[in-house]
Amino acid sequence: MSTYKKYEKGFINYAHRGASEYLPENTLLSFYTGVYMKANGIETDIRRTKDGVLVLFHDNTLERVTGDPRSVEECTLAELMELDVKKDGYTDKIVVFEDFLAKFAFRDILFAIELKGEGVEEETADLLRKYNLVNKTVVTSFQFDYLKKFHAYAPEFEFGLLTKEVTPELEAELLALGATEICPRATLMSAEDVERWHKMGFRVRAWGVKDEEIMKFAYDAGVDGMTCNFPDKLYEYMNK
Ligand code: G3P
Ligand code: CA
């Protein structure tokens with residue numbers, strides 16, 4: 001019998017790095033706008049600064065969004081605070097993970113927290129526990145090793161693997177480990193895959209939703225949620 005459980009909130013429209021189509025990604029401006037656009041989830045990425053602070057940042061280097069060639073891991077928090085994250089004439093600052101939690105944890109939304117940098121597993125779990133987010137969070141990563149380490153330290157959290165290729169061996173390993181989600185690239189899955197994963201007991205959350213066509217395809221394929229840079233358009237489609 002399938003152990004598949006839908007989210008109580010129904011479909012989850014995760015503002016991906018906030019409303020990142022419109023505003024500097026992974027900033028408060030972007031997260032607040034995602035909430036304003038009626039996203040019922042926020043997705044973000046965790047890395048650690050040189051002086052040990054967890055911050056929200058996606059890329060391996062700061063170049064694309066700030067113009068600085070260094071990485072988060074090469075900078076202290078004070079050095080990061082000197083930088084501006086930019087997008088289409090808007091500017092904001094890199095956010096400390098705990099500051100984000102203090103501002104968003106109490107809200108009636110879910111969180112998809114991606115372990116992006118190395119060695120952030122335990123402190124991420126400690127902070128999510130501190131802000132009582134056990135029942136509102138799914139922890140994800142492309143790095144299976146990070147997830148295994150996270151799960152060993154904090155088995156009470158739901159977790160899921162971000163992946164491009166889903167093999168039967170991977171499905172079996174995820175099931176055996178107790179993963180609750182499978183997170184396929186939206187363009188590399190089908191409605192039949194989604195149905196099969198549901199029967200196996202997984203929730204399915206799509207990523208890589210680059211445009212509205214892909215968004216509609218993934219939604220119609222029956223996924224349980226997706227990360228989307230334009231949560232306003234997804235909200236409109238969900239409510240058609
Ligand atoms: O939904 C997860 C998604 O964020 C994965 O892609 O590149 O944004 O980390 P990326
Ligand atoms: Ca991410």
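All values below were derived from every heavy atom in this structure, side-chain atoms included, with hydrogens, water molecules and symmetry-related copies excluded. Order of listing sets the numbers, starting from 1, for every ligand and every atom in it.
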Do any heavy atoms of Met226 fall under 4.0 Å from ligand 1? no

Is Tyr14 near ligand 1, meaning one of its heavy atoms is under 4.0 Å from it? no

Looking only at protein heavy atoms, which one is nearest to [atom], and what is the separation?
{"atom": "atom 4 (O) of ligand 1", "value": "His16 NE2, 2.7 Å"}
{"atom": "atom 1 (O) of ligand 1", "value": "Thr227 OG1, 2.7 Å"}
{"atom": "atom 10 (P) of ligand 1", "value": "His58 NE2, 3.1 Å"}

Contact partition for Thr140 relative to ligand 1, non-hydrogen atoms under 4.0 Å: neither

Does NZ or CZ of [X] fall inside the cone over [Y]'s six-membered ring, less than 6.0 Å from its centre and within 45° of the axis?
{"X": "Arg47", "Y": "Tyr146", "value": "no"}
{"X": "Lys136", "Y": "Phe111", "value": "no"}
{"X": "Arg203", "Y": "Tyr4", "value": "no"}

Under the 3.5 angstrom rule, does the side chain of [X] hit a backbone N or O of [Y] as a donor-acceptor pair?
{"X": "Asn239", "Y": "Glu236", "result": "no"}
{"X": "Asp211", "Y": "Glu213", "result": "yes"}
{"X": "Asp45", "Y": "Leu115", "result": "no"}

Which angle, to the nearest 10 degrees, do you find at the Ca ion (ligand 2) between OD1 in Asp45 and OE2 in Glu43? 110°

What do you reckon, does Lys116 have a nitrogen or oxygen under 3.5 Å from a nitrogen or oxygen of ligand 1? yes

